[in-house]
Participant: 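Please see the structure below; I have some questions.
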Amino acid sequence: MDPEKLFHEFLRKKITYRGGISPAELEDAVGKYYEEWENTPCADFGGLSPRGYYESIKDPRELAGMLKDALKKGDAPPVLTERLVKLDGADDALCDILLDGNADEKTRLAAADLLNARDGVPVETYIECVFDPDTPETLRETLIGRLEECGERTAEPLIRRIEETEGEAKTILAELLVYSQARDDRIYEFLIGLIDDGIALPFALDMLGRYGDERAIEKLTELAKTCDYADFTDIRNAVEMLGGELDVKRDFSQDATYKKIKGEK
């Protein structure tokens, strides 16, 4: 059964019956006739309306399977996705799709969109997916954006990842920890550790500044005593974000970046 095809047949009959329709009217007509179609009994749906048919299905995994099949052919019908949004117990079935590395990105993104629409973001599932190196980039960015909106709910599962996170993944973890707005010594130690961890210094300084723990000022002040001019200005900005003032005087007259900014050769 192909709901999208069935609707297009229904729409074609309606437009033909009216004697055609102008392109300007088409968009309004689609919305109007879709609502009529989803509430009209149909033999292909066992005599039920499309809405009645999907509402008669109580098993979230059966509906999730229909979602995957529909997306392979084109788009999922709204009457199906609306049922998945409202059906109790659909979270687990949608999480399984989200975590399915064999599913295409379009299908996994659709599962994420439906989970978002259910207003019950499965934080730990999203975090697991974000830190899976095989997760497609668009999907990862979508999940990061949603996690950033979840506040302190994300803090503890993110903190548990501190010891196991390596390389560039640390930048994702740092941003998510800052967005959690949680105050925890483990977060502070992780962020201050970025300075000595091979992470780009401007990024580490930005994270510390946004996190807002003034204990970092002492470390940054010491760093300012030996760095080049470019890093010095970034450190000064971070200290000011933390509510302090960088009390370090340096002579940068021989620094290449300083000379370039001042127009010297």
Participant: What residue pairs, at least two apart or across chains, pass salt bridge (Lys or Arg N to Asp or Glu O under 4.0 Å) with a residue in residues 169-185?
Facilitator: K170-D197, D184-R186, D185-R215
Participant: Does any N or O in the side chain of T135 come within less than 3.5 Å of the main-chain N or O of C129, such that one atom is a donor and the other an acceptor?
Facilitator: yes
Participant: With hydrophobic residues grouped by side-chain heavy-atom distances under 4.5 Å, do V121 and V85 end up in a single group?
Facilitator: yes
Participant: When you group the ILVMFWY residues by side-chain heavy-atom contacts below 4.5 Å and let the links chain together, are M241 and F203 in the same group?
Facilitator: no
Participant: Once salt bridge (Lys or Arg N to Asp or Glu O under 4.0 Å) is applied, what residue pairs with a partner in residues 58-70 remain, sequence neighbours excluded?
Facilitator: R61-D96
Participant: Using 0.5 Å steps for rounding, measure from the CD1 atom of I235 to the CG atom of L208.
Facilitator: 10.5 Å
Participant: For L139, does its backbone N or O pair with a side-chain atom of E105 as donor and acceptor, under 3.5 Å?
Facilitator: yes
Participant: Check this for me: does any side-chain nitrogen of one of K219 and E222 sit under 4.0 Å from a carboxylate oxygen of the other?
Facilitator: no
Participant: Hydrophobic clusters here meaning ILVMFWY residues chained together by side-chain heavy-atom distances under 4.5 Å, can you tell me if L99 and L94 are in one?
Facilitator: no
Participant: According to side-chain contact (heavy atoms from CB on, under 4.5 Å), who are the partners of A256, at least two apart in sequence or on a separate chain?
Facilitator: none
Participant: Would a distance-only check, ignoring hydrogens and angles, find a side-chain to backbone donor-acceptor pair under 3.5 Å from T165 to R161?
Facilitator: yes
Participant: Within 45 degrees of the axis of the six-membered ring of Y179 and under 6.0 Å from its centre: does R210 put its NZ or CZ there?
Facilitator: yes
